[in-house]
There are 2 protein chains.
Amino acid sequence: MNDRSHPVLIVGTGRGNEAAILNAALDAFGAEGFNGASMRDVAKRAGTSLSNLYNYFPSKSDLLAEVLRHANDELSARVRRAVADAGDDAAPRLREAVRAYVGFVVDHQLAMTVSTNEVRYLRGESRERLTAARDATQSLVAEIVADGAADGTFATPHPADAARAILSMVGAIAAWYRPDGRLSRGQLAEQHARYALALLEAPLPH
Amino acid sequence: MNDRSHPVLIVGTGRGNEAAILNAALDAFGAEGFNGASMRDVAKRAGTSLSNLYNYFPSKSDLLAEVLRHANDELSARVRRAVADAGDDAAPRLREAVRAYVGFVVDHQLAMTVSTNEVRYLRGESRERLTAARDATQSLVAEIVADGAADGTFATPHPADAARAILSMVGAIAAWYRPDGRLSRGQLAEQHARYALALLEAPLPH
DNA sequence: ACCGGGTGTGAACGATCGTTCATGTCGAGC
DNA sequence: GCTCGACATGAACGATCGTTCACACCCGGT
């Protein structure tokens with residue numbers, strides 16, 4: 001049991017069963033959807049009791065919010081790290097950002113799926129906090145595109161929307177990717193980096 | 001009431017309240033998700049009684065399956081029509097296919113959202129039937145890409161996956177498009193047609 | 001005149017939901 | 001040795017769920 005094809009998203013948090021509960025919630029929400037999964041499902045997957053969940057999270061919604069926060073934190077950290085090591089030119093910076101983004105989607109496919117499909121079930125402040133955090137992550141890519149468009153590296157006449165198109169295309173990988181499929185993790189990242197640069201009308205190697 | 005910014009997806013079907021129920025189910029599933037929306041919600045939106053729904057559809061799942069079938073039928077018809085009038089060359093054929101696809105997403109944003117987000121709650125035969133129908137629709141675009149790659153119109157080294165990337169990018173419009181936003185329906189279609197051709201590494205007008 | 005099927009309704013069933021509560025254990029700090 | 005908070009449990013609450021049922025209305029064919 002617990003033999004996964006991907007790294008665990010949430011590691012020890014200091015509190016007793018918190019990480020186990022969060023990972024269980026990720027699995028449950030991913031398998032059945034937020035409304036389809038019950039707190040009893042989450043408890044069973046986490047190997048604890050139903051009522052104990054409420055010692056860690058005040059409600060099912062808060063549990064979802066915490067899961068999504070951890071997912072975006074990891075994605076954001078990966079993209080930030082990749083871009084920081086990519087020099088100053090827009091093209092290689094974008095290439096590395098896309099490769100990092102694809103890497104997250106492959107490594108944490110379920111987290112990406114839950115992030116895109118279930119965020120709409122959050123309400124109020126937690127919804128806004130998460131949307132803002134996700135926008136910040138996406139801005140990492142959008143700024144590279146804007147820089148490249150400004151200095152002529154990217155010739156696309158619509159750079160502002162192109163960033164969103166690229167992120168949509170990359171995020172959607174989570175909906176169809178299978179680890180045992182035709183494409184390896186590396187090939188997938190390479191292909192999508194090229195798609196992104198082509199879409200931006202950047203010069204490509206032949 | 002019933003003052004919509006988009007055309008109604010399902011029109012009269014011959015049976016009494018069938019179309020009203022299907023459109024109500026589309027609205028309910030779109031607003032709350034399949035598991036979040038109740039049959040009582042659907043009945044209220046359709047202006048009929050809870051038990052009467054079961055005179056038309058044997059279960060909530062069958063109701064979802066019918067909604068998704070109508071949505072894909074309309075999308076498929078639009079793309080087919082557009083491609084049929086687009087001549088023989090791959091580039092204009094792809095352009096018209098993407099424009100038609102974007103047009104559907106804009107005109108039936110909720111249907112597109114429900115189609116992508118809720119299809120996973122179908123099980124068994126209805127799930128397979130719908131997946132097959134959706135694959136057939138997507139193949140309309142995939143075949144154009146394959147033809148264009150074969151005759152050299154599209155220079156991308158990865159044509160098979162490029163079609164999926166394009167459809168992901170276009171389908172994702174449903175997640176963010178707002179009718180009162182910066183982009184008109186026509187501009188959105190034009191931009192995405194260009195994104196698609198650029199991604200395929202086709203020659204572009206300057 | 002009657003009858004059967006399509007269409008409609010309100011009440012009800014058993015199951016499951018998110019959440020709360022009373023209670024228990026256990027180890028760290030005084 | 002005692003206390004207190006963190007962690008854990010099973011039972012229970014009221015609400016809501018999908019579905020079924022018994023029963024009515026209406027109308028075209030006999």
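We name chains A, B, ... by the order of the sequence lines, and we start the count at 1 in each one. Note that the coordinates shown come from a computational prediction; the quantities given were computed from them, not determined experimentally.
Checked by atom type and distance alone, the side chain of B/Q109 pairs as donor or acceptor with a backbone atom of B/A174 at under 3.5 Å. Side-chain atoms of B/E96 do not come within 3.5 Å of backbone N or O of B/V83 as any donor-acceptor pair. No donor-acceptor pair closer than 3.5 Å links the side chain of A/R40 to the backbone N or O of A/A37.
Defined by atom type and a distance below 3.5 Å, a donor-acceptor pair is present between the side-chain atoms of A/R80 and A/S76. A donor-acceptor contact under 3.5 angstrom links the side chains of A/T48 and A/N52, judged on distance only.
Pairing each heavy atom of A/L26 with each of A/L110, the nearest pair is O-CD2, 3.8 Å. The minimum heavy-atom distance between A/I10 and A/N23, with the atom names listed, is O-ND2, 2.8 Å. The heavy-atom pair separating A/G148 from A/A90 by the smallest distance is CA-CB, 3.5 Å.
Nearest-nucleotide positions on DNA chain C place B/S49 closer to the 5' end than the other of A/N35 and B/S49.
Only B/S51, B/Y54, listed by number, bring a heavy atom of residues 51-58 of chain B to less than 4.0 angstrom from any atom of DNA chain D.
Atom CG of B/L50 and atom P of C/dT7 are 18 Å apart (whole Å).
In this structure, A/R15 reaches the sugar-phosphate backbone alone: every heavy-atom distance under 4.0 Å involves primed, P, OP1 or OP2 atoms, never a base. Among the atoms of the strands shown, only primed sugar atoms or phosphate atoms (P, OP1, OP2) are found under 4.0 Å from some heavy atom of B/A37. Residue contacts for B/S38: at a heavy-atom cut-off of 4.0 Å it reaches the sugar-phosphate backbone alone, with no base atom in range.
On the nucleic acid side, DNA chain D has its first and last nucleotide under 4.0 Å of a heavy atom of chain B at D/dC17 to D/dC21, going 5' to 3'.
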